[in-house]
**Student:** 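I'd like to ask some things about the structure below.
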Amino acid sequence: MPSALPSTYNPVDVESRIYQMWEDGGFFNAQPDQGSDAYAVIMPPPNVTGQLHLGHGLEDALTDALVRWRRMRGFKALWLPGEDHAGIATQNVIERELASEGLSRHDVGREEFLKRTWEWVEQYRGRIYEQHRALGASADWSRDVFTLDPKIVRAVRTTFVNLYNDGLIYKGLRMINWCPRCETALSDLEVDYVEEEANLYHIRYPIVGEGGMPLPDSLTVATVRPETMLGDTGVAVHPEDPRYEEKIGKTVLLPIIGRELPIIADDSVKMDFGTGALKVTPAHDPIDWEIGQRHDLEAIVVIERDASMGDEAGPYVGLDRLEAREAIIRDLDEQGFLESVVPYTHTVGHCSRCKDSVEPLPSEQWWVGVNQEYEPGSSLASNASLAIRSGRINVVPERFSRTFLNWLDDIRDWCISRQLWWGHQIPVWYCECGEMTVAVQDPESCSFCGSAQLKQDEDVLDTWFSSALAPHADLGWPDDTADLRYFYPTTDMQMGYDIMFFWCARMVMLGLYNMKSERSDERDIPFKNILFHGLIRDANGEKMTKSRGNVVDPLISASTYGADAFRFALLTGSTLGQDMKYNEERLVAARNFANKLWNSARFILMNTKQETVSPPDINNRLGFAVEDRWILSRLAGLEDEVNSLLSAYQLGEAGRKIHDFLWSEFWDWYLEMCKVRLRADDMVPVDILTYVLKRALALLHPFMPFITEELWGYLQPSVSGTDSLLEPLIIEPYPVSDKTWIDLPVESAMNHVIDVNRSIRNIRVEKGLPAGIRPDVFIRSDTFRAELLATNEATCFISHVALSILDSDQELPSGDFAFARVASTEVALALPQVDISAERERLNSELMDAEAYLQKMEGQLSNTNFLEKAPENVIDSMRSRLSDAKERVQGLRNRIDLLE
RNA sequence: GGGCGGUUAGCUCAGAUGGUUAGAGCGCUGCGUUGACAUCGCAGAGGUCACUGGUUCGAAUCCAGUAUCGCCCACCA
């Protein structure tokens, strides 16, 4: 009912109703169908206790556009959603909640802690659904996966067991990043390095004589962490350092503690840093750990896991590490060991979750040996690298593949155990007999001695270990399911470039490993295309974080401007891979676009009246008006372009193209030109207006699903031959260009008609003619006379003139007229009176412009190199521009001469 | 120390495979309510595409370098 359409589009009225209709229709649900092509994309699972932010909004807009496009193109399009248990992040949330009650997790115990966490999960999971829905995400909710679902647990355990059996997972004592606040080990990726102002302390270590008597000689080391000296077990110098050559092999006395330390030679020591002598603390520094390994030095732990000084810390036991630092410096100074203190800037690792500074500690943890070969010549890392290099996985934008490969080149083993409670508990059971059982199913008894006294490893796995399995695990692996056979490898994967290493790289590594049985068919990759989008920053370009308080809630934006406007603004506001600033003005513009679309549909429906409409028939093409053929030609071109842009993942450009077509061609010109015909009860424009609008709605649907679906519903009943089923737009075939409509001559003719109208309007405004005046206008044209004649009435209507098209042998009238030239067409607009000098000035300025352009064209076309080497079509178009320019210049000169 | 990206109109940004007189939105100037839309219309102003050199008939686009801002990676204590 057209009359029911209000004059302003109100998104809140339609969005939830439309979404409900889609869901009730089961359109999001994709099932394997051998008769159709599969399209699959896995949703990056948001943290279950978080809420969606603008980044998720962008991801939904991006993915939903791709999914809807494919669905409309006839693919069985599966968008598989999920949520991530997000180990540390979630555990921190619950711990904070406990803390507000004055409790720690240890007070409530593991079982109760997990129970409370699950309660949160249930609560927040629902909220996340609602957020996605509000944005219009056409995900298959019936398949929603949580990373702690039993089927994922089985996939995780199976992966762990297989990797273990292949020797790719091992338990080992290594230097790790320890977060004292979160009380867990972290992987290298979870440590953020921040530059900090500190001091470099130069400390004198006396050299010990043969009989243990201190000699006057000494060796000075430099350190920013004097508290670690309590754990020193050596001093290292470069083997070729002339200053220390003779001291290698001697012994120094560790101040305060009095332990004797060997002076060793190691290549890794930089001669030009500090004093060239490095105190070696294997237990508290990664480099020192390696030196210690090479030289068989003892690792003495002096800093405990809670960041306090431990039993080996001598007089400083129990102090916090920073308190200890001050005390030690004071003591060293008093005892004359502190040589100097110089200000120094260095980087310190911080926990990416809680921001506390991490401690390097030796610790026994579980590791994935990413460089370990599991087949001759192939490791997890090398296979991942090969998949990218060979192009089997296509990276968009391409430049990110380099970042990806550089990272894989010197990747180190992945620490996967976390001393947390929330997560996948490691499937390893320890027996009193000292053996361990690694199994998918909880074992009844020890596989070595048969004892039933088993104790499961208390640690859980890094969250990313389970997310890394998403593409195959979500589809049913380790079972050989129909979904897995049909939808794997998934087609597209999408994420912010900030989680390229965390997630993308690990998905590739573990996907290739778990699906290696499919390698012969090249079906082992987790996805064929990986798209990296940029990050959304606030209006000042700052990263949005809770602590800065500049986070924008996508739902507030979407409810203020409409989900469609939100999506359209994000998609067209930037380019894939490029960061963007959040810009409210863009949302307003997109909202206005939606409103304009709404009103154009309202106009068309008002004119449809009770009639039915039929799509234009290509066989009658020559029976259509110039503007009809023009808009149909432009539409066909647009359809072609949009499909090819979408194929190349140029979503923003595709959206902008549709926007520009609608606004500056369909609405500004075609629709306006139709009005005069509609007043004369010509019904042909109704057919074409409806047809173009419908095709445009379909083109736009992946970008603005709600309003297009809503308008589609209004348009359907008026189209003839649709008394059968009214199919919703979501499953309408995506427009594919019928190129026979493309008519380049008519396009250039219409461009000319438009230019003539612009020129007329320009004169009107310049001469200050009131809107109510309809001046006489005379036009003489050789090249486009027929088209100008055909669009005569439209021009009269849209430019408010009384138009006469002269024959080419007729003279333009003289007297009180303003003149203009559009290429070869002359325009004379009658004025009450003409100010000759103003007119001369105006024409002269136009002439100068025309002459400059003419000169440029002449220069180009007199260049023999250009004529020899440029392609034919470029030369042709240049020639036609030259002849237009010549005519224009000549015409303007004539006009100026005629002025008295 | 490596690597990547940005630098285009006052502001925010597009310009995929080099070829119209370089575009959009917002802002600005002037006019305008002719029943789709003032969340609108019309007409304008506004850019030596950061800089220097090169390749090419032709460069915002490709190459080399410079400046500047930003990001990522890296064990200089």
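Each chain gets a letter, A, B and so on, in the order the sequences are listed, and its residues count up from 1.
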**Student:** Rounded to the Å, how far apart are Asn595(A) CG and rA38(B) P?
**Tutor:**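 One finds 8 Å between P of rA38(B) and CG of Asn595(A), rounded.
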
**Student:** Grab the CD-P distance between Gln578(A) and rA14(B) for me, whole Å please.
**Tutor:**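 One finds 6 Å between P of rA14(B) and CD of Gln578(A), rounded.
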
**Student:** Quick one: does His284(A)'s side chain have a donor or acceptor within less than 3.5 Å of a partner on Val302(A)'s backbone?
**Tutor:**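 Yes, because the side chain of His284(A) sits within donor-acceptor range (under 3.5 Å) of the backbone of Val302(A).
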
**Student:** Are Trp407(A) and the base of rC73(B) stacked, counting only ring centres nearer than 5.5 Å and planes tilted under 30°?
**Tutor:**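 One would not call Trp407(A) stacked on the rC73(B) base.
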
**Student:** Would you say Arg399(A) has more than 12 foreign heavy atoms packed within less than 6.0 Å of its CZ?
**Tutor:**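 Buried by this count: over 12 neighbours within 6.0 Å.
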
**Student:** Polar-atom pairs under 3.5 Å, protein N or O versus N or O of nucleotides 16-19 of chain B: list them with distances, or write none.
**Tutor:**
| unit_1 | atom_1 | unit_2 | atom_2 | d |
| --- | --- | --- | --- | --- |
| rA16(B) | O4' | Gln650(A) | NE2 | 3.4 |

**Student:** Distance from Arg842(A) atom CZ to Leu847(A) atom CG, nearest 0.5 Å?
**Tutor:**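 Rounded to the nearest 0.5 Å, the CZ-CG separation comes to 12.5 Å.
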
**Student:** Determine whether the aromatic ring centres of Phe566(A) and Tyr561(A) lie less than 6.0 Å apart.
**Tutor:**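 Phe566(A) vs Tyr561(A): aromatic centres not under 6.0 Å.
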
**Student:** Could you measure between the two C1' atoms, the one in rC73(B) and the one in rG15(B), and give it in whole Å?
**Tutor:**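 Those two atoms are separated by 31 Å.
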
**Student:** Side-chain contact test, heavy atoms from C-beta onward, threshold under 4.5 Å: evaluate it for Val348(A) versus Tyr193(A) and give yes or no.
**Tutor:**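 The answer is no, as the side chains (C-beta and beyond) never meet within the 4.5 Å cut-off.
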
**Student:** Want to settle it: does Gly276(A) or Asn406(A) sit nearer the 5' end of RNA chain B, counting the closest nucleotide to each?
**Tutor:**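 It is Asn406(A) whose nearest nucleotide is closer to the 5' end.
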
**Student:** Mind listing the closest non-hydrogen atom pair of Met271(A) and Arg243(A) along with its distance?
**Tutor:**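 Scanning both residues, the minimum pair turns out to be O-NH2, 2.9 Å.
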
**Student:** Can you give the donor-acceptor pairs under 3.5 Å from side chains of residues 850-860 of chain A to other protein atoms, not counting sequence neighbours?
**Tutor:**
| unit_1 | atom_1 | unit_2 | atom_2 | d |
| --- | --- | --- | --- | --- |
| Glu851(A) | OE2 | Arg893(A) | NE | 3.4 |
| Glu851(A) | OE2 | Arg893(A) | NH2 | 2.5 |

**Student:** Can you give the dot-bracket line for RNA chain B, using ( ) for pairs inside the strand, [ ] for pairs that cross earlier ones, | for pairs with another strand and . for unpaired bases, where Watson-Crick and G-U count if both distances are under 3.5 Å?
**Tutor:** (((((((..((((.....[...)))).(((((.......))))).....(((((..]....))))))))))))....

**Student:** May I have the distance from Lys543(A) (atom NZ) to rG70(B) (atom P), rounded to whole angstrom?
**Tutor:**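 Going from Lys543(A) (NZ) to rG70(B) (P), I get 15 Å.
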
